[in-house]
Number of protein chains: 2
Amino acid sequence: MAEPWLDITAALVRASGLVSDICAKSAAEHGVTAQQAQLLCVLEQHPVAMAELGVLMRITKSSTTGLVDRAQDAGLVVRDTDADDRRSHLVSLTERGRQLGGTYRAMVTGRIATLIADVPDAERELLRAVLSQVVISNQARATWPAEPERAA
Amino acid sequence: MAEPWLDITAALVRASGLVSDICAKSAAEHGVTAQQAQLLCVLEQHPVAMAELGVLMRITKSSTTGLVDRAQDAGLVVRDTDADDRRSHLVSLTERGRQLGGTYRAMVTGRIATLIADVPDAERELLRAVLSQVVISNQARATWPAEPERAA
DNA sequence: CTCCGGAAGTTCGTGACACGTACTACACTA
DNA sequence: TAGTGTAGTACGTGTCACGAACTTCCGGAG
């Protein structure tokens with residue numbers, strides 16, 4: 001059968017689904033859901049208050065409560081009361097959550113490397129640069145950690 | 001604050017989330033869910049049997065039944081018995097489903113055009129070509145229609 | 001010091017959507 | 001005709017999203 005031709009919208013939407021499926025599959029292989037895996041990524045760098053978590057993940061307060069409840073039940077995160085404000089809780093990773101998040105990210109990274117293995121280095125770097133600029137300019141959710149700005 | 005540096009995995013995962021959010025928001029503005037919008041896209045070209053729908057959308061038979069039930073209740077699709085095999089149903093779009101699917105895709109297309117408005121044409125074409133090749137090579141779910149192969 | 005408005009988070013009810021299991025109706029083959 | 005397999009549905013379960021209402025706590029004004 002003839003290979004289909006994809007315009008930019010089709011390419012981006014289908015690529016989005018492909019990457020999303022890789023994340024979901026990798027999460028399932030770690031015994032967690034895609035949402036829990038995202039939570040672990042968001043918490044990777046430092047503890048975050050519940051309200052801020054909801055903002056970062058673009059979900060409501062009640063959804064945040066449920067997601068953190070289930071992650072806590074699974075032993076992946078803990079809630080600590082903020083000493084300065086007893087209304088507020090800080091959510092942080094347990095050792096188990098940190099380790100699982102690490103191996104999850106390694107698995108996703110490996111699968112993405114396989115996905116783009118046939119893309120020449122120059123095109124891959126352009127893909128990286130263009131998508132980076134697009135997600136930064138459009139305030140994409142930070143559901144995968146970034147590195148600090150590196151020297152040129 | 002310093003702009004973060006994203007490697008290829010971070011860029012792809014965050015871009016995936018961004019595009020997914022555009023689809024979800026556009027679907028909600030049409031009064032449907034993201035899954036229902038995907039269903040309308042899959043059915044856009046021709047009616048599909050239930051079993052094949054599940055395969056195309058990468059969901060189980062029971063999930064397919066539920067999704068089609070809710071879309072049928074919303075007046076977006078109909079089921080027809082296959083004359084050759086009375087076990088089988090073909091699912092097709094209603095006029096309302098076809099129209100809603102069309103305006104949904106136009107809305108997503110417009111938002112994606114805005115997303116990449118600042119990307120130079122040459123880079124945009126390379127992005128399109130690279131992502132197209134990646135999604136075709138990796139059998140991404142066809143949750144957005146393609147055009148038939150066009151003459152060079 | 002007291003009171004009020006607002007913040008932080010939880011609870012509850014609801015609905016979508018995913019899965020697996022078991023079932024019914026139907027098709028095909030020996 | 002009987003046995004095997006297919007197509008789809010019903011049911012139970014769990015996750016995850018939302019909005020409304022609630023409790024606890026904080027900070028500022030009077």
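Throughout, a chain's letter reflects where its sequence line sits, starting with A, and its residues are numbered from 1.
- In terms of the side-chain hydrogen bond (donor to acceptor under 3.5 Å, both in side chains) criterion, residue partners of A:S26 (sequence neighbours excluded) are, by chain and number, A:R111.
- Note: B:Y104 and B:H30 have perpendicular aromatic rings, judged against thresholds of 30 and 60 degrees for the angle between ring planes.
- Atom-to-atom, CG of A:D85 to C1' of D:dT24 comes out at 11 Å; the value is rounded to the nearest Å.
- Across all strands shown, B:T33 has heavy atoms under 4.0 Å from sugar-phosphate atoms exclusively, and none from any base.
- Between the base of D:dT15 and the side chain of A:R70 there is no donor-acceptor pair shorter than 3.5 Å.
- If you chain together hydrophobic residues whose side chains sit under 4.5 Å apart, A:M107 and A:L100 never meet in one group.
- Between A:L76 atom CG and D:dT15 atom P there is a gap of 12 Å when expressed in whole angstrom units.
- Position along DNA chain D of the nearest nucleotide to A:I59 versus B:T64 favours B:T64 as the more 5'-ward residue.
- Atom CZ of A:R58 and atom C1' of D:dC18 are 17 Å apart (whole Å).
- A straight line from CD of B:E52 to P of D:dT6 spans 16 Å, rounded to a whole angstrom.
- The shortest distance between the side-chain N/O atoms of B:S88 and the OP1/OP2 oxygens of D:dA7 is not below 4.0 Å.
- For the pair A:L39 CG and D:dT15 P, the computed distance is 14 Å after rounding to whole Å.
- Of all nucleotides in DNA chain C having an atom under 4.0 Å from a heavy atom of chain B, the first and last in 5' to 3' order are C:dA16 to C:dA27.
- Going from atom CE of A:M57 over to atom P of D:dA17 covers 7 Å, rounded to whole Å.
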Check nucleotides 20-23 of chain D for protein N or O atoms closer than 3.5 Å to its own N or O atoms and list the pairs.
none

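- Checked options B:D118, B:I112, B:V19, B:V119; the residue passing with A:V134 is B:V119 (criterion: side-chain contact (heavy atoms from CB on, under 4.5 Å)).
- When distances run from any side-chain atom of B:H89 to the nucleotides D:dG8, D:dC26, D:dG19, the shortest one goes to D:dG8.
- Under the 3.5 Å distance criterion, with hydrogens and angles disregarded, no donor-acceptor pair is assigned to the side chains of A:S62 and A:T65.
- Inter-residue side-chain proximity for B:V91 and B:V78 is flagged as unmet; no heavy-atom pair is nearer than 4.5 Å.
- Residue A:L67 contributes atom CG, which lies 11 Å from atom P of D:dC18 at whole-angstrom precision.
- Residue whose closest nucleotide on DNA chain D sits further toward the 5' end, between A:Q35 and A:A83: A:Q35.
- Using a 4.5 Å heavy-atom cutoff, the side chains of A:L67 and A:R70 are in contact.
- Computed from coordinates, the B:R87 CZ to D:dT9 P distance equals 13 Å when rounded to whole Å.
- Ion pair A:D7/B:R128 not flagged as a salt bridge, since none of the NZ, NE, NH1 or NH2 atoms sits closer than 4.0 Å to an Asp/Glu carboxylate oxygen.
- Put simply, B:V135 and B:I116 are part of the same group of oily side chains (I, L, V, M, F, W, Y) that touch within less than 4.5 Å, one to the next.
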